[in-house]
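Scroll down for the structure; my scribbles are underneath it.
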Amino acid sequence: MMDVHNNEIVEIFLTVADLMEIKGENPFRIRAYREASRVIGDMSEQVAQMVHDDRDLTELKGIGKDLAEKIREIVTTGQLEFLESLEKEIPASLLELMKIPDLGPKKVAAMYRELGITTMEDLKKAVEAKKISALKGFGEKTEQKIFKSISRPKKEFGRRTLLIDAEPSALAYKKYLESKPGVKSVNLAGSFRRGKETIGDLDILVTCDTGREKEVMDAFVTFEEVNRIYAKGNKKSAVLLRNDLQVDIRIVPESSYGAALHYFTGSKAHNLAIRRLAVQKKYKVNEYGVFDGSRQVAGKTERDVYEALGLHYIEPELRENMGEIEAAKSGRLPALIEPGHMRGDLHMHTTRTDGRNSLSEMAEAAKALGYEYIAVTEHSRKVAMANGLDEKDLREYMARIEQVNAQIEGIEILKGIEVDILQDGGLDLPDSVLKDLDIVIGSVHYQQRFPMKQQTERIIRAMDNPYLQILGHPTGRLLNKRDPMDIDLERIIEAAKEKKVAMELNAQPDRLDLPHNYCKFAADMGVTIVLSTDAHSTENLRRMANGITEARRGWLTKEDVVNTRSLGEMREMLKR
DNA sequence: GCCGTTTTCGGCCCGACTGTTTTCAGTCG
């Protein structure tokens, strides 16, 4: 039995879809592969485990008999015969070329067929020899566009931007557009609005005085950060910023504002499902509204759009076609957690280890945020580069915490630790001191490259320590930098349930760890979740907002998160 | 390739912009 991960199956199916597209296969068949890969990619459960347990894969939405068999083949053999036969017909290097803007499957196929182009290098030579513009269906402008694009490093295409990195440009753009005459409203939609951890591009929706659309579009493409204009019309335009962020804009009439916001917020999968539902009800949904024949029956607000289709309003964070539409039909949507629900923060560092602010500064800042309690959780000795504490250091610091706690009014400072989980699953500090703490978080910081079985068992063994209350940043992922550890997270969450250990949702914008799909899995199992900032400065305490967004994407309610509770109730719930 | 209180066969979301087109294909979201 091989450990084939969901993301490997996703990659294989996406590659199959791309290759079939170049080959010119039936688009609906291609879509089936893409749809299946999306479903698998969003799952928390490992498909390989399902195969192993002899479960019926066709229970999964979008997976029928054929794809179930292909998944089984991938899981048992580690490869897919069908993909290999496709790769014999279509060079896989063509997929790189498809990442170039304006080059899709048809054009790439034509260049391959007519000129034998398979690599970026081939393409460059053909462009320089002016062979591209000679092809039918191609012309001077297309050749120029390709020339412009291949002079850029290829890795820049398709790279996703951390939400928090996109934020400054997004807000600056919004403010800029709002200042333009004739503009009535500017809204950021797309994955930015859905609160995805990383975004592919930025989507802006604008309403303006009728007749002034062109004026607004002129302003849009002359924003100071614009580096390149991809397309410009009166309803829709697209540009590339200097920081490589692509920005799309749509201008719509106010009567269609809700439908357009819905359409432009996505996700694509959610929109497709909504449109399919509309077709069932003999309606048509587009970005201008819900239509019964040519009559608009909804569209001014998003709520109207959902109601016209017999659905409750769905929050943007849930719009991934992961069950939210079914829940909205039957009124089973969760009441999502909100920033105002948070009453404390249970993971932070101070200047005693690698933080930038003192204990009292952190406490004052937390108090200013309206919190009732915090836990100060320094690193343990193993994390030497952060001046991690040994037992003696910790005892001293605990005394210091008690001191400050006595001095400060209106907030309770709890004595905590982020103790390192050692190679063998032991903890980096003795029980004799752990037992005297209020909050014990256990985290893996070293040896993150163990094989799955070993890594999983290491973490589960750590949870056997009766003083460990919270598993910190459970996957160890750093978005765009480091993959999650190779672990069976489902098994770990099940163990957490059994041992009454809570899972942390670490709110650092490049962690957001526990990932949302596992938040949902854990909450469904009844595992307690702690939403923490892991702040290393007073400023960082505000990152709770990022964690709230991830929690909402994971369908979490106030009840699922322990630090929405009063101090007493929270402590009771974390007791083992 | 999937899917079905209209169907096990015949559908499968919908529109804007661009370029190379004399009416539309390709790409994108």
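Note on naming: letters A, B, ... go to the chains in the order of the sequence lines (proteins, then strands), and numbering restarts at 1 for each one.
Spacing between B:dT18 and B:dC12 at atom C1', rounded to whole Å, works out to 27 Å. The separation of B:dG19 from B:dC13, taken at their C1' atoms, amounts to 25 Å, rounded to a whole angstrom. Taking atom C1' in both B:dT6 and B:dG10, the straight-line distance is 13 Å, to the nearest Å. Taking atom C1' in both B:dT5 and B:dG1, the straight-line distance is 24 Å, to the nearest Å. When the P atom is used for both B:dG11 and B:dA16, the distance is 25 Å, rounded to whole Å. The same atom, P, is picked in B:dT20 and in B:dT27; the two are 13 Å apart, to the nearest Å. As rounded to the nearest Å, B:dT22 and B:dG26 have P atoms that lie 13 Å from one another. The gap from the C1' atom of B:dT8 to that of B:dC2 amounts to 12 Å, rounded to the nearest Å.
Among the heavy atoms of the strands lying under 4.0 Å from A:Lys268 is at least one base atom, whether or not backbone atoms are also near. A:Asn271 comes within 4.0 angstrom of no nucleic acid atom, judged by non-hydrogen atoms across all strands. Residue contacts for A:Tyr263: at a heavy-atom cut-off of 4.0 Å it reaches a base atom on one of the strands shown. Across all strands shown, A:Gln246 has heavy atoms under 4.0 Å from sugar-phosphate atoms exclusively, and none from any base. Residue contacts for A:Pro105: at a heavy-atom cut-off of 4.0 Å it reaches the sugar-phosphate backbone alone, with no base atom in range. Across all strands shown, A:Lys136 has no heavy atoms under 4.0 Å from either base or sugar-phosphate atoms. Among the heavy atoms of the strands lying under 4.0 Å from A:Lys235 are primed sugar atoms or P, OP1, OP2 only; no base atom is included. A:Ile30 comes within contact range of no nucleotide atom at all, as no heavy-atom separation falls under 4.0 Å. Within 4.0 Å (heavy atoms only), A:Arg29 reaches at least one base atom of the nucleic acid. Contact annotation for A:Glu35: no contact, since no heavy-atom pair falls under 4.0 Å across all strands. Counting non-hydrogen atoms under 4.0 angstrom, A:Leu67 reaches the backbone sugars and phosphates but no base. Residue contacts shown for A:Gly137 are limited to sugar-phosphate atoms, with no base heavy atom under 4.0 Å away. Within the nucleic acid shown, A:Lys282 comes within 4.0 Å of at least one base atom, counting heavy atoms only.
Of all nucleotides in DNA chain B, those with any atom nearer than 4.0 Å to a heavy atom of chain A start and finish, going 5' to 3', at B:dG1 to B:dG29.
Summarising the base pairing, B:dT8 is matched to no nucleotide, lacking a Watson-Crick or G-U wobble pair whose two defining distances lie under 3.5 Å.
Aromatic pair A:Tyr173/A:Phe223: centroids less than 6.0 angstrom apart.
There is a side-chain donor-acceptor pair under 3.5 Å between A:Thr118 and A:Asp122. Counted by atom type alone, A:Asp248 and A:Gln246 present one or more donor-acceptor pairs between their side chains at under 3.5 Å.
In this structure, A:Glu73 contributes its side chain and A:Glu81 its backbone to a donor-acceptor pair below 3.5 Å.
The pair A:Asp292-A:Arg295 meets the salt-bridge criterion, with a side-chain N (NZ, NE, NH1 or NH2) lying under 4.0 Å from an Asp/Glu carboxylate O. Between A:Arg38 and A:Glu35 a salt bridge is recorded (basic side-chain N to carboxylate O distance below 4.0 Å).
Taking the centre and axis of the six-membered ring of A:Tyr257, the NZ or CZ atom of A:Lys300 falls outside the cone set by 45° and 6.0 Å.
Heavy-atom nearest nucleotides on DNA chain B were determined for A:Arg276 and for A:Lys107, and the one closer to the 5' end corresponds to A:Arg276. Heavy-atom nearest nucleotides on DNA chain B were determined for A:Gly62 and for A:Leu103, and the one closer to the 5' end corresponds to A:Gly62.
Across A:Leu479 and A:Pro509, no two heavy atoms sit closer than the pair CD1-O, 3.6 Å. The two atoms that bring A:Ala507 and A:Leu512 nearest to each other are O-CD2, 3.8 Å, heavy atoms only.
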